[in-house]
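Report on one structure; see the data block that follows.
In what follows, chains are A, B, ... by sequence order, proteins preceding strands, each numbered from 1. Heavy-atom basis, side chains included; hydrogens, waters and symmetry copies ignored.
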Number of protein chains: 2
Amino acid sequence: MIKDLINSIYRISDNSYGEIDKLFEYRCYEAGETFVNKNQFNDKEYFLLNGICKSFLINPGGDEITLSFFGEKTVLSPHTIRTKNQLSLICVKSLTKAEAVTLDANKFAELMVSNIEIRNFGNQVLRNELADKMEKEIGMASLTAKERLLNFRKKYPSLENVIPHTDIATYLGITNVSLSRLRKEAAR
Amino acid sequence: MIKDLINSIYRISDNSYGEIDKLFEYRCYEAGETFVNKNQFNDKEYFLLNGICKSFLINPGGDEITLSFFGEKTVLSPHTIRTKNQLSLICVKSLTKAEAVTLDANKFAELMVSNIEIRNFGNQVLRNELADKMEKEIGMASLTAKERLLNFRKKYPSLENVIPHTDIATYLGITNVSLSRLRKEAAR
DNA sequence: TTCACTTTTTATCATTTGTTAATGGATAAG
DNA sequence: CTTATCCATTAACAAATGATAAAAAGTGAA
C-alpha cells in the first residue's frame, strides 16, 4: 500500500521502490499527538498511511494556525522545505489516530541524487506542495470566506465532520464563530 | 555581481561558480513586460540583477493576483516548482525596467545532481521560497490587513513608492481602495 | 445515568473591508 | 498649454467578519 501511495504521485519501478522500502520505519500516533515540533531536531520524511494530520504554526497570540491538512495515503511536506539546519520550521500533529512510515531524510535525499525515478517522485512531491500553497494563496487573496469554505469542502470532503472546527477555521483564515455562521448560510 | 547574488544565498567555491557561469544568458526587460506566461513552455531559471518583478496568477474575475515580489539581486522561484511538464504554472512580469540572466533549467538541474555546492545552493533557494510562502500564509491567516501592510513595508522597504498600489493590494489580499485607507491610518 | 468538560451554535454589537462613484493629481502626447 | 489617461484618494453606504458572552449540543468518565 505504500507503493500505491508513491505511485499515485509518480510512478516508479519495483527496483526503485526496493531502494526506498529498506528505509521505512513504522509509526503509530494517538489523536492529538504533536510529533513534529517547531525548532526541534528532525531528520525524517513522513508517509501517512491512514488518519488525518495538520501542519501548523503558533501565531503571536498563541493560537495554532493550520497550514495544511494531510489525509490518508499522502506525503507530509518534504524535509527540505520543512526544516532549516535540521531544525523544524513548523509543527505537525495528528488529529485522529494515525499510522505512518518514516524515512531518514538524508538517506532519501541521497536516493534522489542517485536514482532518477526517486528524484522525479521527490520533485513531484515538492511541486504538489507548492501548487497547494499557491492555490491557497490565491484563494486567500481573491475569494470570500464562504467561497473558501466551499473550496475546502471540495478539496477535503468529509473532513468537516471529523476534525475540530477550530482547525478548519484557522485554515480558512477566519474565527470559529464565523465558520459556524458560514456553515449555517451554506446549508440553505 | 552574479557571484555575489549566489553567495548571498549559499556560499559556493569559484570552481562551482565557473560551472554555472557558462550557462548565463543576459536579458533585459521593459517595465510591464510579462516574460513568463501561465501554460506556456518555459525551461529557464532567472537571476534578477536589478529592477523589480512580480509573480502572479489571474483569478476567476480576471484580476492579476500578486504572489510574490522580486527585488534586485534575487532568484526567481525555481523552475521545478514553477512548472509542470515544462509548462509554467504562473506568470511573471517586470514592474520596472529590469536586467536578468537566465539559465537552462535542465542543465542547472544536472549541475545540482553532480555538484554538491550547487545542489545546496539550489535547495537553499527552494527553502527560502517555501519559508516565504509560509510566512505569508500565517500572516494572511492571523493578521489584520493593517498588520500585513506593516509587515510588507518591513520586508520590502521602498517598494511602496515605486510600484502600482494595485499590485501591493492584491499581494496583501485587499482592494486598492482599502490599501489607500490603511495608508492614511498608518500615517498617523 | 449523571456530571464535568469541550465544542458548536446563536445573538448582539463593533469593526473592518468591499463596492461604487466622484475627485484630484500626475504624466505623457499632441 | 490643453487633453486624455491612469492611478491614488476620498466619501458614503453595504456587506462581511470579529469580539464577547450566553446557550445548546456533544463527549467521555465515573
Side-chain angles (χ1 to χ4, degrees), chain A residues 30-34 52 54 56 59-66 69 93-97 137-153 158-188, chain B residues 30-34 52 54 56 59-66 69 93-97 138-153 156 158-188:
Chain A
E30 293 308 312
E33 200 176 328
T34 300
I52 299 164
K54 72 164 181 179
F56 65 101
N59 76 358
D63 311 303
E64 297 184 356
I65 306 294
T66 303
F69 294 107
K93 74 156 56 162
S94 50
L95 299 175
T96 65
K97 196 172 187 313
E137 201 170 9
I138 194 172
M140 294 293 279
S142 74
L143 302 178
T144 65
K146 192 192 291 189
E147 292 169 315
R148 297 202 296 276
L149 171 60
L150 297 179
N151 280 355
F152 165 81
R153 286 177 172 175
S158 85
L159 221 56
E160 194 173 345
N161 305 312
V162 180
I163 63 176
H165 286 181
T166 301
D167 295 328
I168 300 174
T170 64
Y171 176 81
L172 296 174
I174 58 178
T175 62
N176 53 351
V177 177
S178 282
L179 175 56
S180 179
R181 193 156 36 197
L182 294 176
R183 278 163 52 78
K184 187 179 181 181
E185 286 176 37
R188 285 192 235 134
Chain B
E30 292 308 312
E33 201 176 327
T34 300
I52 299 163
K54 72 164 180 179
F56 65 99
N59 76 358
D63 310 303
E64 297 183 357
I65 306 293
T66 304
F69 294 108
K93 75 155 57 160
S94 50
L95 300 175
T96 64
K97 196 172 188 311
I138 193 171
M140 292 293 278
S142 74
L143 301 178
T144 64
K146 192 192 291 188
E147 293 169 314
R148 297 202 297 276
L149 171 59
L150 297 179
N151 280 355
F152 166 81
R153 287 177 172 175
Y156 300 105
S158 84
L159 221 56
E160 195 173 345
N161 304 311
V162 180
I163 62 176
H165 286 182
T166 301
D167 294 328
I168 299 174
T170 64
Y171 176 81
L172 296 174
I174 57 178
T175 62
N176 52 353
V177 178
S178 282
L179 175 56
S180 180
R181 194 155 35 197
L182 294 176
R183 278 164 52 77
K184 188 178 179 182
E185 286 176 36
R188 286 191 231 135

Check your understanding: Is it true that a side-chain atom of T175(B) and a backbone atom of S178(B) form a donor plus acceptor pair closer than 3.5 Å?
Key -> yes
Practice item. Quickly work out the L143(B) CG to dT16(C) P distance and round it to whole Å. Key: 15 Å
Exercise for review: Side-chain contact test, heavy atoms from C-beta onward, threshold under 4.5 Å: evaluate it for T170(B) versus F56(B) and give yes or no.
Suggested key: no
Point to revise | Atom-to-atom span, NZ of K146(A) to P of dA15(D) - whole angstrom | key: 12 Å
Practice item. Give the rounded distance in Å between these two atoms: CG of L149(A) and C1' of dT17(D). Key: 14 Å
Point to revise | Side-chain heavy atoms of R183(A) within contact of L179(A), under 4.5 Å | key: yes
Practice item. Among dT20(C), dG18(C), dT10(C), find the nucleotide with the atom closest to the side chain of V177(A). Key: dT10(C)
Review point. With a 4.5 Å limit on heavy-atom distance, are the side chains of D167(A) and P164(A) in contact?
Key: yes
Review point. Among residues 158-176 of chain A, which contact DNA chain C at a heavy-atom distance under 4.0 Å?
Key: P164(A), H165(A), T166(A)
Practice item. Please state whether the rings of F69(B) and Y171(B) are parallel, tilted or perpendicular, taking 30° and 60° as the class boundaries. Key: tilted
Point to revise | Sub-4.5 Å side-chain heavy-atom contact between L182(A) and I174(A) | key: yes
Review point. Expressed in angstrom and rounded to an integer, what is the separation of R183(A) atom CZ from dT9(C) atom C1'?
Key: 9 Å
Review point. Any side-chain heavy atom of E33(B) within less than 4.5 Å of one from K93(B)?
Key: no
Check your understanding: Could you give the angle between the helix axes at the two ends of the helix from dT1(C)-dA30(D) to dG30(C)-dC1(D), with five pairs per end, rounded to 10 degrees?
Key -> 40°
**Study point:** Test item: I168(B) and E160(B) side chains (from C-beta on) under 4.5 Å apart, heavy atoms
**Key:** yes
Point to revise | Protein-nucleotide distance (R181(B), atom CZ; dT16(C), atom P), rounded to Å | key: 10 Å
